[in-house]
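Here the structure is laid out as structure tokens; the discussion comes afterwards.
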Amino acid sequence: MKENEIQLNKILVKIASEISITSAMMDKAIQSYEAVGKWISDGIDYEVRVSPQGSMNLGTTIKPVSDKDDYDIDLICMLANGHLLKASDIKNIVGNRLKENNVYKQKIASEGEGRRCWKMQYNEFHMDILPCVPKTIYIEPNLTDIRLTHKKDSGIYENRYSNPYGYRQWFEHRMKDIIHEMKNTYAVRNGVDISKVPTFRVKTPLQMAVQLLKRHRDIMFKNDTKNLKPISVIITTLAGYAYSGEDNLYETLIHILDNMASYIEIRNGVFWIPNPVMNEENFADKWQQNPDKQQAFKVWASRARNDLITLPLKALGLDQVKNIYSTKLGEAPVNRAFNQLGEEIRKIRDAGNLVSVGLTAGLTTGVSPYGHAVRRHTFFGK
């Protein structure tokens, strides 16, 4: 990598860290969903398993753009021995038990029943609880298909199918070498077995790339009144397909943005983004109903490549890079990231190890044959 690319990678990593939810926020969410799981389990005659799914399960959750908004915690609540239940019972057994708790009942009242989930509003996040049962029998890691319920506008409950566990396995496999190394480091540092380290406790280049892409999308579509914003599962899936093992965020983003569209299939004239663990499921099914969604995705992907990579590489100095990212990724997290970078540069400069490689490339550390040393600042101007 060139010096300016190394610098850009460092900046992108810092921004990704700033848009991630904190460990304290994560711990609070875990405590909350474990309490929900215990309440449900204690009151019904089914074996209950509550676990995260979606972005929390994959380690790609991001903070909301506005401090007035909250972030999502997606959970599955599986009735492990309820595979014979009909669709409406799957949904209502869980919902009715939640409503027996006055606190949870109030939280549900503010959000209500979704098509597939029970939604509960907390101070910093809202929790979507997906009731489900095994499709047939549930044995990890091989038999993990689940049956859930979809409530139509008519009030009829339909069976639908998914595999959150299998999807997480696929996502982890896409980055298997790097994530194993990071989980091992986390396990050693915290004195736990590597098998006990959840995916959301580490941050690989793929995870950070998905976070940055979702943040760019959120800001680009902040005034989206036509519901054209690309959904997270499409971004995550195409990023996972396109990722090819890069060990830094900068190159990961480039490879994903240059290749993700090639994984969009066309089956019998229909755009198709297959669920990697359920090939018959099409994550782009709504593109057929509303072709503007496909065009919106195409425009977004092109703009993300320009905004996150092309324009910053052409920028004349770090101030211009900061201005670009502030507009495209949010002023507050970018300011915090650059404040950290500025403090690191100050410390390195004071140690006499800072090198200038020109306005376009900005500043870097160490010895470079293309740059000259930057004088150390003192209080006396010497």
Side-chain angles (χ1 to χ4, degrees), residues 26-61 70-122 124-141 143-152 156-169 198-200 232-233 275 277-278 281:
M26 183 65 73
D27 290 341
K28 183 176 180 180
I30 292 171
Q31 291 172 4
S32 297
Y33 81 65
E34 286 179 345
V36 168
K38 186 176 187 309
W39 171 259
I40 296 172
S41 180
D42 287 348
I44 62 176
D45 295 327
Y46 292 93
E47 179 188 345
V48 176
R49 301 181 188 178
V50 174
S51 59
Q53 67 159 337
S55 60
M56 183 175 179
N57 202 23
L58 304 176
T60 59
T61 304
D70 51 23
Y71 60 95
D72 299 338
I73 296 296
D74 295 324
L75 306 175
I76 64 168
C77 178
M78 183 168 62
L79 309 180
N81 55 340
H83 65 281
L84 296 179
L85 288 168
K86 62 182 182 180
S88 58
D89 288 344
I90 295 172
K91 187 77 167 293
N92 290 316
I93 286 173
V94 173
N96 291 340
R97 174 56 181 165
L98 287 170
K99 293 174 186 177
E100 291 175 5
N101 183 304
N102 288 331
V103 174
Y104 295 156
K105 184 177 182 179
Q106 292 177 3
K107 293 182 183 298
I108 290 174
S110 64
E111 286 289 301
E113 180 184 2
R115 291 187 180 276
R116 300 184 179 187
C117 300
W118 290 101
K119 300 174 177 290
M120 299 208 302
Q121 183 64 55
Y122 287 75
E124 296 174 336
F125 57 87
H126 67 265
M127 186 183 293
D128 288 350
I129 303 172
L130 177 71
C132 64
V133 297
K135 184 178 179 180
T136 52
I137 185 171
Y138 190 90
I139 303 175
E140 296 177 359
L143 297 173
T144 52
D145 286 353
I146 61 172
R147 177 166 61 93
L148 52 113
T149 180
H150 180 88
K151 187 177 182 181
K152 301 177 69 174
I156 295 175
Y157 290 88
E158 292 183 334
N159 288 316
R160 298 290 173 88
Y161 301 91
S162 187
N163 191 336
Y165 180 90
Y167 188 94
R168 194 199 76 211
Q169 277 194 312
T199 300
F200 58 73
S232 293
V233 71
N275 180 336
V277 294
M278 298 186 74
E281 182 178 10

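The first residue in the sequence is number 1, and the count goes up from there.
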Problem set entry | Partner set under salt bridge (Lys or Arg N to Asp or Glu O under 4.0 Å) for Asp128, not counting sequence neighbours | Lys119
Problem set entry | Sub-4.5 Å side-chain heavy-atom contact between Leu143 and Thr136 | no
For this session: Would you mind reporting whether His83 and Tyr138 have side-chain heavy atoms less than 4.5 Å apart?
Result: no
For this session: Over all heavy atoms of both residues, which pair between Leu79 and Pro134 is shortest? Give the atoms and the distance, please.
Result: O-CD, 3.4 Å
Problem set entry | Asp72 side chain reached by Phe125 side chain, heavy atoms, under 4.5 Å | no
Exercise. Quick one: CE on Met127 to SG on Cys117, what's the gap to the nearest 0.5 Å?
Worked result: 12.0 Å
Problem set entry | Exercise: do Ser55 and Thr61 side chains pair donor with acceptor under 3.5 Å | yes
Exercise. Strictly by modelled atom types, are Asn163 and Glu281 linked by a side-chain donor-acceptor pair under 3.5 Å?
Worked result: no
For this session: Could you point out which residue of Leu148, Ile146, Leu75 forms a side chain to side chain contact (heavy atoms under 4.5 Å, CB included) with Pro164?
Result: Ile146
For this session: Any pair with a residue in residues 39-52 that passes side chain to side chain donor-acceptor pair (under 3.5 Å), sequence neighbours left out, goes on the list, sorted by first then second residue, please.
Result: Lys38-Asp42, Glu47-Arg49
Exercise. With sequence neighbours left out, what residues match Glu34 under salt bridge (Lys or Arg N to Asp or Glu O under 4.0 Å)?
Worked result: none
For this session: Considering non-hydrogen atoms only, spot the tightest contact between Tyr165 and Thr144 and give its length.
Result: CD2-CG2, 3.4 Å
Problem set entry | Results of salt bridge (Lys or Arg N to Asp or Glu O under 4.0 Å) for Lys28 - residues two or more places apart only | Glu124
Side-chain donor-acceptor distances from residues 98-105 under 3.5 Å, at least two apart:
{"from": "Glu100", "atom 1": "OE1", "to": "Arg97", "atom 2": "NH1", "distance (Å)": "2.8"}
{"from": "Asn101", "atom 1": "OD1", "to": "Val103", "atom 2": "N", "distance (Å)": "2.9"}
{"from": "Asn101", "atom 1": "OD1", "to": "Tyr104", "atom 2": "N", "distance (Å)": "3.2"}

Exercise. Which pairs pass salt bridge (Lys or Arg N to Asp or Glu O under 4.0 Å) with one or both residues in residues 80-91, sequence neighbours excluded?
Worked result: Lys91-Glu113
Exercise. Taking the side chain as C-beta and beyond, is there a heavy-atom pair between Leu58 and Gln53 under 4.5 Å?
Worked result: no
Exercise. In this structure, which one of Arg147, Lys135, His150 forms a side-chain hydrogen bond (donor to acceptor under 3.5 Å, both in side chains) with Asn159?
Worked result: Arg147
